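Just below is one structure, and these are the notes that go with it.
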Amino acid sequence: MTMESNSTNSVGRGSREYGLIAEFAGPDEVLRAAERLRVAGFRLWDVFGPYPVPGMSAAMGLEKSPVGWFGFLGGAVGFTIAMAGIWYLNEVHYPLPIGGKPFFSPFSAFPTAFELAILFAAIATFLGLLALIGLPRGRHPLFGHRRFALATRDRFFVVIESADPNYHLENTRRFLETIGAVSVEVVMM
Amino acid sequence: MSDSQQHVELEKEALGALSPEVAATPTGLAREPLITGYGGLGWLSDEVTRFNERSAPSWWRAGLFAALLLLLLGVVMVAYLVTTGIGVWGVGHPVMWGWATINFVWWIGIGHAGTLISAILFLLRQHWRTAVNRVAEAMTIFAVLCAALFPIIHVGRVWYIWWLLPIPTSNAVWPQFHSPLMWDVFAIATYLTVSILFWYLGLVPDLALMRDRARRPVSRFFYGLFSLGWTGSQRQWHHYEKAYLIIAGLATALVVSVHSIVSLDFAATQLPGWHSTIFPPCFVAGAMFSGFGMVLTLVIPVRRLCGLENLITRRHIDLICKVTLATGSIVAYAFVVEGCYAWFGGKPYDRFMIWNRVAGPYWWAFFVVVTCNFLAPQAFWFRKVRFNLRAVWLLSILINIGMWMERFVIIVGSLHRDFVPSNWSYYRPTWVDVCTFAGSFGLFFTFFLLFLRYLPTVAVSELKSIASSCISGCSSTHQKLDARK
């Protein structure tokens, strides 16, 4: 299959066609297929399976996940809020003279700041993850497909969306079959 | 060839080399497999969800009924305490901290093993953790809930408990952050929140599995709701795996920090027997030890009753026993070192405290600690014991008792005879103390039994990703990859 035959998108706006779903026999087959799909230049496509197949992210050419930055920022914010907050409360607003100790000490504030940094980092990582993967999401065209429920059990699928610039119903279907799909079906919106 | 391509090649090679036929070849040092009777990815899903999908067995109903009765007892005891006052407990001068504080430290310690299994063993790529981490994390969360109960009711006037939080109010009274008790508030709150987040994050793909299997619309709706619309797409897995790793790293920091902060409640005071720099590491080791004891107590019946014997194998029990032995040895070492501190330190109060611990009025408690904590786990040196489930279960009960008594020795043993002999007394718990403690078990087992019934008890999706390495019992894909890199 050449790139030319695959470079026109036959699907117009307002189409009820979500894309093509191709079922693969196992993790090795879908991994090989993913590399071919990446090389063929598809953009709006994804691999579905019951677990992350090792090497799949690289095969699909996915960028490094930025989710760690959410965690880092959350942790930094948590630590700063705790340190600054304790300083304000115990030094400025309500100083308590206890045993001649300083009203504020970074050492006695550290355990609280440490815990709050972890708390904020974990929550930020979690929320950042949800934002990155677009969850929670109530509806998905794939949930209507009769075999897609097996993706969480033991089956591997590749889905190419009709909005992909390279998408062409017949050509893409044939391409999926040549790279080892067991069956290819159309998914409606 | 670019780096990423090379990585793919390597991974494919490693995967290829691990096809069951190849991996099953004898290596001379064959280990028991981590999954027995493996029948494919679909089989794994069936094994894990079988208990959730069939009708509730009678032992479960009976267990839940008993747990609810205990919980009711606990509720009545707490109501009695709140309406009457702290005097219904055995605490008083000089033993101001009694059973409630012991229970708090004991329960929170138990939680630590769950986090160790789920976070630290994940970072160390110990694949055996995958079969038991869900149960252990559930244990953590419910244990921390039980633990949090005790300090809250111990303040006496529980309606002032919100004073612990730095909330701007018109009275402008702020918490005092020099106090380890304040640090505790933040440590426990963080620990509970992060444990729940981590647990839930792991649950999402498995809840999606439950959603896709559910036949009844009600279960479909609720599993669907809590699985957040997870599809199992690689673009989701890609970020998910990274986030899981990061939260595992954060939880690892909690494993060592939370019980350290709890120990500072004691170590920051001037009391002989408490005022010791060894407390934070000693408490953390004790927490792991007692937590692993509780993991054994729970996992041995659960694998049998919930039909998980193929996934939680004897090898898992064997490995947990080994960790228990290791952490128990650290606890024993710390206990001996405390004696050495008192001896070499030369302070008369410290020397008296140690002597009082061994031969004072609470000599029996010390005896129980030595027997249950230090002597009993030595049996785990023997393979025959580790593979004898009844023996392991009985030993795990002894460890639970021993670690509770260790906290008793530390708390009551140090308080009951302080600096001035006219202050000395003998502490006895009241029936309310005993019933409140029993009530906390009701709380724990109510949640735990509900968890067993309604949530996937094994991290299925994670187990699927390592299944190929688990069936053979030899090294994993990751290890082979690491070796080649």
Side-chain angles (χ1 to χ4, degrees), chain A residues 27-28 31 34-35 46-62 65 67-68 71 82 85-86 89-90 93-94 96 98 101 105 108-109 111-112 114-116 118-119 121-123 125-126 128-130 132-133 135-140 142-143 149-154, chain B residues 4-5 7-8 11-12 14-16 40-42 45 166 172-178 180 182-183 186-187 189-190 193-194 197-198 201 205 208-209 211-213 228-243 246-247 250-251 253-254 257 261 264 461-462 464-465 477 481:
Chain A
D28 298 344
L31 189 68
E35 278 186 72
D46 212 334
V47 176
F48 297 81
Y51 66 87
V53 179
M56 183 61 86
S57 292
M60 287 176 70
L62 298 183
S65 171
V67 73
I86 293 171
L89 302 186
N90 284 170
H93 199 235
Y94 194 77
L96 281 167
I98 293 167
K101 290 172 190 162
S105 156
S108 66
T112 313
F114 178 80
E115 296 296 332
L116 219 62
I118 290 187
L119 179 68
I123 292 175
T125 308
F126 184 74
L129 169 71
L130 290 187
L132 283 171
I133 64 179
L135 296 185
R137 174 175 183 169
R139 287 174 166 278
H140 197 290
L142 288 169
F143 287 153
L150 294 174
T152 51
R153 183 184 157 86
D154 56 354
Chain B
S4 68
Q5 274 173 322
H7 185 73
V8 174
E11 259 179 314
K12 281 201 309 191
L15 272 175
L41 299 173
S45 315
V173 177
W174 294 107
Q176 200 270 100
F177 283 95
H178 290 302
M182 256 335 278
W183 306 346
F186 283 83
T190 300
T193 317
V194 175
L197 264 185
F198 193 41
L201 189 63
L209 171 74
R211 170 200 69 199
D212 291 342
R213 292 176 68 96
L228 304 175
W230 178 265
T231 55
S233 105
Q234 181 62 31
R235 285 172 209 272
Q236 289 179 345
W237 281 121
H238 179 60
H239 297 295
Y240 175 92
E241 283 194 287
K242 188 70 171 271
I246 289 169
I247 299 191
L250 293 169
L254 289 180
S257 73
I261 290 179
L264 292 177
S461 52
E462 239 182 286
K464 282 173 185 169
S465 65
T477 321
L481 266 176

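Proteins come first, then strands; the chains are lettered A, B, ... in the order of their sequence lines, and each starts at number 1. Fair warning: this is a prediction, and the values are worked out from it, not measured in the lab.
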>> Can you give me the closest heavy-atom contact between G42(B) and D154(A), atom names plus distance?
In response: N-CB, 3.5 Å

> With respect to chain B, which residue among A151(A), S57(A), A34(A) yields the maximal number of heavy-atom pairs within a distance under 4.5 Å?
Replying inline: S57(A)

> Given that the side chain runs from C-beta out, which part of T190(B) has a heavy atom under 4.5 Å from chain A: side chain, backbone, both or neither?
Replying inline: both

> Quick one: what part of F198(B) sits under 4.5 Å from any heavy atom of chain A, side chain, backbone, both or neither?
Replying inline: neither

>> Counting only non-hydrogen atoms closer than 4.5 Å, does I246(B) touch chain A with its backbone (N, CA, C, O), its side chain (CB onward), both, or neither?
In response: side chain

>> Quick check for you: among L96(A), I86(A), L116(A), which has the greatest number of heavy-atom pairs under 4.5 Å with chain B?
In response: I86(A)

> L150(A) versus chain B, heavy atoms under 4.5 Å apart: side chain, backbone, both or neither?
Replying inline: neither

> Of the listed residues (A253(B), P180(B), A189(B), G229(B)), which shares the most heavy-atom pairs with chain A below a 4.5 Å separation?
Replying inline: G229(B)

> By a 4.5 Å heavy-atom criterion (distance strictly below it), what part of I261(B) contacts chain A: side chain, backbone, both, or neither?
Replying inline: side chain

> Does a side-chain heavy-atom distance below 4.5 Å link W174(B) with H93(A)?
Replying inline: yes

> Do F114(A) and S257(B) have side-chain heavy atoms sitting under 4.5 Å apart?
Replying inline: yes

> Is there side-chain contact between Q236(B) and L135(A), with heavy atoms separated by less than 4.5 Å?
Replying inline: yes

> Where do Q234(B) and L62(A) land on the side chain to side chain contact (heavy atoms under 4.5 Å, CB included) test, with the steps shown first?
Replying inline: CA-CA 9 Å; Q234(B) 181 62 31; L62(A) 298 183; 4.2 Å; yes

> Side-chain contact, heavy-atom cut-off 4.5 Å: R213(B) with R153(A)?
Replying inline: yes

> Do you know which of A82(A), A109(A), P136(A), G61(A) has the most heavy-atom pairs with chain B at a distance under 4.5 angstrom?
Replying inline: P136(A)

> Given a strict heavy-atom distance threshold of 4.5 Å, which part of L142(A) is in contact with chain B: side chain, backbone, both, or neither?
Replying inline: neither

>> So I133(A) and W237(B), do their side chains get closer than 4.5 Å, heavy atoms only?
In response: no

> Checking D46(A) side chain against G232(B) main chain: does a donor-acceptor pair fall under 3.5 Å?
Replying inline: no

> Is there a side-chain contact between T112(A) and M182(B), using heavy atoms and a 4.5 Å cut-off?
Replying inline: no

> Closest heavy-atom contact between V194(B) and L119(A)?
Replying inline: CG2-CA, 4.3 Å

> Testing R235(B), K242(B), H239(B) for side-chain hydrogen bond (donor to acceptor under 3.5 Å, both in side chains) with S65(A), which one passes?
Replying inline: H239(B)

> Donor-acceptor pair, K464(B) side chain versus T152(A) backbone, under 3.5 Å?
Replying inline: yes

>> I'd like to verify something: which residue of L201(B), T231(B), I247(B), L254(B) has the highest number of heavy-atom pairs under 4.5 Å with chain A?
In response: T231(B)

Could you pull out all donor-acceptor pairs under 3.5 Å where a side-chain atom in residues 47-56 of chain A meets a protein atom, sequence neighbours excluded?
none

> Of all of A208(B), P166(B), P205(B), G40(B), which one pairs up most often with chain A through heavy atoms under 4.5 Å apart?
Replying inline: A208(B)

>> So which residue, L89(A), L129(A), V67(A), ends up with the most heavy-atom pairs under 4.5 Å with chain B?
In response: L89(A)

>> Can you give me the closest heavy-atom contact between W183(B) and S108(A), atom names plus distance?
In response: NE1-O, 3.0 Å

